[in-house]
Asker: 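Below are the structure tokens for one structure; questions will follow.
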There are 2 protein chains.
Amino acid sequence: MTPVDRRVKILIVDDHNMVRQGIRYMLESNERKYKFQIEEASDGQEGVESAKRTDFDVIFMDYQLPILNGMEATSAILSAKPYSRILAISSSDEFMYIDNMMRSGAKGFILKNIGPEEIMGAVEAIISGKNYYSNDIAVKLISFEEGKVTMTRLVKLKRELTEILSSRELEVLKLIATEHTNEEIGNRLFVSKRTVDTHRQNLMRKLGVKNTAGLVKFALDLDIL
Amino acid sequence: MTPVDRRVKILIVDDHNMVRQGIRYMLESNERKYKFQIEEASDGQEGVESAKRTDFDVIFMDYQLPILNGMEATSAILSAKPYSRILAISSSDEFMYIDNMMRSGAKGFILKNIGPEEIMGAVEAIISGKNYYSNDIAVKLISFEEGKVTMTRLVKLKRELTEILSSRELEVLKLIATEHTNEEIGNRLFVSKRTVDTHRQNLMRKLGVKNTAGLVKFALDLDIL
DNA sequence: GCCTGACTCCGTATTAATACCTAGTTAATT
DNA sequence: AATTAACTAGGTATTAATACGGAGTCAGGC
């Protein structure tokens with residue numbers, strides 16, 4: 001991929017015309033480096049249809065959208081074209097939004113207050129197959145402890161939590177995190193405390209922690225209580 | 001206090017004119033029920049002076065303010081007029097903001113995205129001597145578990161944490177919450193593991209929890225890691 | 001029909017945590 | 001001088017957690 005003569009196809013899905021024009025303007029200020037072909041969509045449904053019709057290099061996707069929201073539109077696009085690269089945009093840095101979009105398969109998340117340089121940085125990262133996050137987003141996501149759990153890992157873990165852990169294990173984890181002993185949990189769930197012990201072992205192994213403290217931290221950090 | 005003929009004196013301290021007008025408009029849409037006298041201030045210093053000059057029923061106080069911030073202004077007003085009822089407003093639901101304002105003596109905390117009904121609910125609650133919190137705020141603060149730890153208790157605990165726990169206990173608590181055993185902690189701090197055990201007992205007693213899980217939850221909820 | 005994962009349960013053993021008690025030193029306070 | 005809180009440490013005992021192994025059932029996918 002040689003940047004200079006590279007034509008980059010962009011789709012902007014956002015219900016605010018002002019935002020679409022803003023992104024377009026910021027992208028086009030870099031026209032010397034790339035040649036952009038930009039399409040727009042003002043609601044989720046329209047975005048999905050555009051994405052099915054054309055192969056875009058990057059799809060900017062707002063979260064709050066009419067008809068289909070950003071999460072639904074992202075899922076729909078990815079189930080039709082799994083290799084689409086979707087960059088979530090939002091004015092809010094609420095963890096829930098971020099997480100929902102990442103779970104839906106977005107490759108990055110940027111805030112609407114970013115400038116032209118950063119928006120190009122995001123586009124270049126996405127094009128070259130990397131993920132991209134606004135600084136504020138990254139800070140929000142990393143904050144685990146001493147860099148042990150990186151953003152990617154935390155996001156990935158939360159996204160795949162229901163794939164990693166069975167529903168029974170989740171149930172046990174919640175009870176552990178709420179100060180119940182194996183025996184109490186066993187009574188509550190009508191199983192032997194040995195069963196609970198096995199779940200506990202599996203939880204520690206799957207989550208890569210050493211003891212109860214680690215399990216509780218995970219439960220709280222991933223907000224599953 | 002009979003609502004219908006009650007004159008309610010309001011002070012709005014916020015550096016954004018748009019916010020002040022928004023609150024004013026939302027309040028005045030309830031003029032059939034109350035008669036509002038609204039004053040405005042665009043920075044903390046101005047707010048303090050107004051509050052000293054006049055007795056307001058409710059003072060809306062932003063957090064980020066020029067000259068004196070919301071926390072400082074709140075403290076200043078309360079030291080001059082201890083019975084002032086201050087309602088913190090913020091566009092952010094960061095725990096730190098909330099906690100700082102509550103520590104300064106605010107009677108409530110609302111987000112800027114709330115509507116006219118809720119803003120009236122807040123004002124009525126404050127006037128009648130109650131506290132008021134936006135739903136999202138309440139959720140953030142209460143969320144401990146099954147209502148065992150109420151917001152007031154959580155806020156109070158955080159405020160008085162350094163009074164309740166000694167620095168050594170805090171140190172031990174952090175190490176417990178980061179998956180260290182008593183023996184490891186003892187080695188790290190150059191004391192016997194029995195000493196660590198004693199600290200652990202005292203921590204559980206002081207914090208009213210049953211086991212390691214409870215200690216870890218406290219450490220994370222109060223954000224002391 | 002076979003295989004796998006989830007869920008269940010047990011045996012055995014060791015280590016860690018919890019409970020309760022006593023008690024010394026030191027520093028600060030009264 | 002007496003008291004108190006913090007920090008230290010030990011004794012003793014019980015309970016809980018951790019570790020590792022094996023094993024049966026059951027539902028779903030291949």
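To find a chain, count down the sequence lines: A is the first, B the second, and so on, and within it residues start at 1.
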Asker: Please say whether more than 12 non-hydrogen atoms of neighbouring residues, nucleotides or ligands are located less than 6.0 Å from NZ in A:Lys52.
Answerer: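 Check fails, neighbour count at 12 or below.
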Asker: From CD of B:Glu183 over to P of C:dA16, roughly how many Å is that when rounded to an integer?
Answerer: 6 Å
Asker: Looking only at side chains, do B:Ser42 and B:Glu46 share a donor and an acceptor under 3.5 Å apart?
Answerer: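 Distance-only check passes for B:Ser42 and B:Glu46.
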Asker: So does B:Asn182 get a side-chain nitrogen or oxygen closer than 4.0 Å to the phosphate oxygens (OP1/OP2) of C:dA16?
Answerer: no
Asker: Can you tell me how far the OG1 atom of B:Thr181 sits from the CD1 atom of B:Ile176, to the nearest 0.5 Å?
Answerer: 10.0 Å
Asker: Could you point out which residue of B:Val19, B:Val13, B:Asp15, B:Asp43 forms a side chain to side chain contact (heavy atoms under 4.5 Å, CB included) with B:Asp62?
Answerer: B:Asp15
Asker: Measure CD1/A:Ile176 against C1'/D:dA17 and give the value in whole Å, please.
Answerer: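 In whole Å, D:dA17 C1' lies 10 Å from A:Ile176 CD1.
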Asker: Counting only side-chain N and O atoms of A:Thr195, is one of them less than 4.0 Å from OP1 or OP2 of C:dC9?
Answerer: yes
Asker: May I have the distance from B:Asn187 (atom CG) to D:dT8 (atom P), rounded to whole angstrom?
Answerer: 14 Å
Asker: From the list D:dC7, C:dC10, D:dA9, which nucleotide is the closest neighbour of the side chain of B:Val191?
Answerer: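 The listed nucleotide nearest to B:Val191's side chain is D:dA9.
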Asker: How long is the line joining CG of A:Leu189 and C1' of C:dA6, in whole Å?
Answerer: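 One finds 15 Å between C1' of C:dA6 and CG of A:Leu189, rounded.
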Asker: Ignoring hydrogens and geometry beyond distance, is the side chain of A:Arg205 in donor-acceptor contact with the base of D:dT18 at under 3.5 Å?
Answerer: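 Result: no qualifying N/O pair found.
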Asker: Tell me whether the side-chain N/O atoms of A:Arg194 come closer than 4.0 Å to OP1 or OP2 in C:dT8.
Answerer: no
Asker: With DNA chain C as reference, determine whether B:Thr212 or B:Thr198 sits nearer its 5' end, using the nearest nucleotide of each.
Answerer: B:Thr212
Asker: What nucleic acid atoms does B:Arg168 come within less than 4.0 Å of, heavy atoms only: base, sugar-phosphate, or nothing?
Answerer: sugar-phosphate
Asker: Between P on D:dT14 and CG on B:Asp197, what's the gap in Å once rounded to a whole number?
Answerer: 16 Å
Asker: Examine C:dT8: is either OP1 or OP2 under 4.0 Å from a nitrogen or oxygen in the side chain of A:His199? Give yes or no.
Answerer: yes
Asker: Measure the distance from CE on B:Met204 to P on C:dC20 and round it to the nearest whole Å.
Answerer: 10 Å
Asker: Of the candidate nucleotides D:dC7, C:dT18, D:dA9, which contains the atom at the shortest distance from the side chain of B:Ser192?
Answerer: D:dA9
Asker: Measure CD/B:Glu184 against P/C:dT15 and give the value in whole Å, please.
Answerer: 14 Å
Asker: Out of D:dA19, D:dC7, C:dA17, which nucleotide sits closest to the side chain of B:Ser166?
Answerer: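 The answer is D:dC7, which lies nearest to the side chain.
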Asker: Salt bridge between A:Lys193 and A:Glu184, side-chain N to carboxylate O under 4.0 Å?
Answerer: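 No, this pair does not count.
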Asker: Take the protein atom NZ of A:Lys193 and the nucleotide atom P of C:dT8, then report the distance between them rounded to whole Å.
Answerer: 17 Å
